[in-house]
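Data block below; observations after.
Predicted, not measured: the structure shown is a model, and the values here were computed from it.
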Amino acid sequence: MMNNKYLLTVIIPVYNTEKYIKRCIDSILNQSFKYIKIIIINDNSTDRSSSIIHKFSSYEQVKIIENSYNIGQGESRNVGLNLVDTDYFCFLDSDDWVDTQAYETAVKALEENPICDIAIFGIKTEYENSSCSTLRYDYNNNIIDGDFAINLLSRETSQDTPISALIGNKVFRNSSFDKTIKFSNLTYEDTIFSYKALSKCKKVILLPKTYLHYYQRESSIMHSFSYKYIDDLIDNFVDLKDYLCEISSFNTKQCYSYFDKCCSSMLNSMLISTQNASEQKEYINHLCSQVISRMSIKDLINYLDINRIRKLLY
């Protein structure tokens, strides 16, 4: 055991989430599992988030870090990651929350299965101004190989149990985690972090419960779009390929399948965000130009199924 008092560290980056942060922290403090350290990184919030956070400063297990200037969600997560001294760690966004047995179940599963490096549980999407939720990911209890987990993440093959790129439903074993893996400060930072982490793990345990409540705000990417989202996605995948080549784990089919999946999701967000056909075409033109200039077209074409190409042509 790395830390005698706590087994799990939960890292929460906070920026202007005064309406949600108390719910998030309360969901951790009221876990059935009590050996939890909470690291809150306040990223120079300009609303009431700071005053709300500091109401928890008297709790022994809560550590609050105040960034002197706004460094972004990815870098804030890295600040917390550098401070982890427990056997396990995880991340939770400040507008999300977890059910009361989430971390007890995950830690127990990892304790009982030392061959597993990551525990993953299910996700429900919660919507602003709505009492309804949508079951997004739901798993049966199962231990799978890390490489197969990449298949489920990238949707390389059609499976009934895809893995989400969201970071909040994953608990990591600290001793086997590659400390060179960091978050970027680009959009979709979860996307690349999850792929890198899974690419270095031997086994993953999927848990048969849905514990993470993923909160979809009106101001999210689904309701706004810009060229930056396209540029960030390309930058992330260039970085991912470089990392995978460096550790001799680059698999063309897996990586481009993941790119295909993420592109589809991004374009869907774009179509929701704007109904203007001219704007949509401009975004698609920008995406194509970025792909041509930054990525291997030969690899991409070799990956694409001919039936997908036919759909584009007819």
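I12 has its side chain within reach of I21: a pair of non-hydrogen atoms, C-beta onward, lies under 4.5 Å apart. Within the 4.5 Å cutoff, the side chain of D93 has no heavy atoms near those of the L166 side chain. Using a 4.5 Å heavy-atom cutoff, the side chains of I230 and F225 are in contact. A heavy-atom distance below 4.5 Å is found between the side chains of L206 and I120. Using a 4.5 Å cut-off on side-chain heavy atoms (C-beta onward), Q61 and T9 make no contact. Side-chain contact between D47 and Y15 is absent, with no heavy-atom pair separated by less than 4.5 Å.
The cluster map of Ile, Leu, Val, Met, Phe, Trp and Tyr, joined by side-chain heavy atoms under 4.5 Å apart, puts L186 and L267 in different clusters. Hydrophobic clustering, with ILVMFWY side chains joined whenever heavy atoms are under 4.5 angstrom apart, groups Y139 together with L110.
At least one donor-acceptor pair under 3.5 Å links the side chain of S293 to the backbone N or O of S289. Using a distance-only test at 3.5 Å, with no hydrogens or angles considered, no donor-acceptor pair links the side chain of T100 to the main chain of Q31. Remark: the backbone N or O of T191 is not paired with any side-chain donor or acceptor of S194 at under 3.5 angstrom. No side-chain donor-acceptor contact under 3.5 Å links N169 to the backbone of G122. With hydrogens and angles disregarded, no donor-acceptor distance shorter than 3.5 Å links the side chain of T17 to the backbone of V14. No side-chain donor-acceptor contact under 3.5 Å links D145 to the backbone of D147.
Cation-pi check for K196 over Y243 is met; the charged atom lies under 6.0 angstrom from the ring centroid and within 45 degrees of its normal. With F193 as the aromatic partner, R77 does not meet the cation-pi criteria of under 6.0 angstrom to the ring centre and within 45 degrees of the ring axis. A cation-pi contact, defined as under 6.0 Å to the ring centre and within 45° of the axis, links K241 to F250.
Donor-acceptor pairing under 3.5 Å is lacking for the side chains of N276 and T274. There is a side-chain donor-acceptor pair under 3.5 Å between N67 and S76. Side-chain polar atoms of N16 and T46 form a donor-acceptor pair below 3.5 angstrom. With no hydrogens or angles considered, no side-chain donor-acceptor pair links N141 and K209 at under 3.5 Å. A donor-acceptor pair shorter than 3.5 Å can be found between the side chains of N236 and S184. Counted by atom type alone, N151 and Q254 present one or more donor-acceptor pairs between their side chains at under 3.5 Å. Between the side chains of D43 and N70, at least one donor N or O sits under 3.5 Å from an acceptor N or O.
For Y229 and Y283, the distance between ring centers is not under 6.0 angstrom. Taking the six-membered ring where the residue is Trp, the centroids of Y88 and F172 are separated by 6.0 Å or more.
Ion pair R294/D235 flagged as a salt bridge, since at least one NZ, NE, NH1 or NH2 atom sits closer than 4.0 Å to an Asp/Glu carboxylate oxygen.
Note that CD1 of I71 and CD1 of I41 are 8.5 Å apart. Values are rounded to the nearest 0.5 Å.
Ring orientation note: the planes of Y256 and F259 are nearly perpendicular, at an angle over 60° on the 30°/60° scale.
With a 6.0 Å radius and a threshold of 12 heavy atoms from other residues, nucleotides or ligands, K63 has its NZ atom at or below the threshold.
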